[in-house]
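The chains referred to below are lettered A, B, ... by the order of the sequence lines, with proteins before strands, and numbering in each begins at 1.
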Amino acid sequence: MGAFRLITWNVNSVRARLEQVARLSHEQRPHILCLQETKVDDNGFPHKAMRAAGYRHVCPRGQRMHHGVAILARVPVVHSYSLDWCGKGDARHIAVRLESGVEVHCFYVPAGGDEPDPETNPRFAHKLAFLDEMRAWAETLDRPVVMVGDLNVAPLETDVWSHKQLRNVISHTPPERARLDAVMAAHDWVDAMRAAVPAEHKLFTWWSYRARDWRASNRGRRLDHIWVSRPLMARFRTMRVLDDVRDWPRPSDHAPVLADFDDL
DNA sequence: ATGGTTGTAGGACAA
């Protein structure tokens, strides 16, 4: 069977990143491209530009200004749907079912604000509740799925540039990391990125805009993930963080993550 | 210790 390539990328505004999406699509030719933080409602979504970039199927789930996800596909999509989380109506999830029956789920988990105390910071409380809801959903999942996106949690010590300095910084706090572990265990997912790069090695997908030289300082975090149902791992080949894209003109602060499968 | 940048907007605010 032919190879199947998937890329997930937090673009930080799809309209600000049209050229980069086109270039990435041309250079890597993914069958499926999952986007987060599109920051546009579905009427304003750049359908034409995405079709020009080669995607016959465009499944956006957006809202004005904030959040927003989309799945773009060169291969047939038999069904797509979005789930609501925490009853807020936020555009944080879109899923597609492929002809094989495999589903691809694209998530944008709340970032959680700055203060790591759910009592005083409602954004952090929302993030924890969102992760709890994901775990409950994962417990009911009885079919093979690939789950990708900006989960806004760096679970391992080597998923951040300094475990010591970030252990009380949102994205790497104990309650978030414990909840993300629980989501993964609830469906018996495999962390495909870590299947490719052992936990001894640092692995990042996001670098702040604020660094003078993001590559030199390398104060990154692994916030973006590719999780694969265990039975599908037999088809998983390789993974790459496309960090060169972080150096393109007008970059997103997230690098795309690419995964190759034998088939999907 | 603080500030550093970007995007959406057209002033803060979230990331």
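For A:R167, the CZ atom sits in a loose shell: 12 or fewer heavy atoms of surrounding residues, nucleotides or ligands are nearer than 6.0 Å.
Separating the P atom of B:dG10 from that of B:dT5 is a span of 24 Å, rounded to the nearest Å. Taking the C1' atom of each, B:dT6 and B:dG11 are spaced 16 Å apart, rounded to whole Å. Look at the P atom in both B:dA15 and B:dA1: the space between them is 26 Å, to the nearest Å. Distance noted for atom C1' between B:dA9 and B:dA14: 12 Å (whole Å).
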Sugar-phosphate means primed atoms, P, OP1 and OP2; the rest is base. With that split, encode nucleotides 7-15 of chain B 5' to 3' as B, S or - using protein heavy atoms under 4.0 Å. SSS----SB

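With respect to A:D260 and A:R5, a salt bridge is recorded, a charged nitrogen being found less than 4.0 Å from a carboxylate O. Looking at A:R194 and A:D159, a side-chain N of the basic residue comes within less than 4.0 Å of a carboxylate O on the acidic one, giving a salt bridge.
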Please evaluate residues A:W85 and A:F107 with respect to the criterion ring-ring contact (aromatic ring centres under 6.0 Å, His included), reporting the C-alpha separation (whole Å), side-chain torsions for both, the decisive distance (0.1 Å), and the verdict. CA-CA 11 Å; A:W85 301 86; A:F107 277 89; 5.3 Å; yes

Trace of the salt bridge (charged side-chain N to carboxylate O under 4.0 Å, His left out) decision for A:D90 with A:K88: CA-CA 5 Å; A:D90 286 346; A:K88 294 177 85 80; 5.5 Å; no

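Because its NZ or CZ atom is not both nearer than 6.0 Å to the ring centre of A:W207 and within 45° of the ring axis, A:R215 does not count as a cation-pi partner of that residue.
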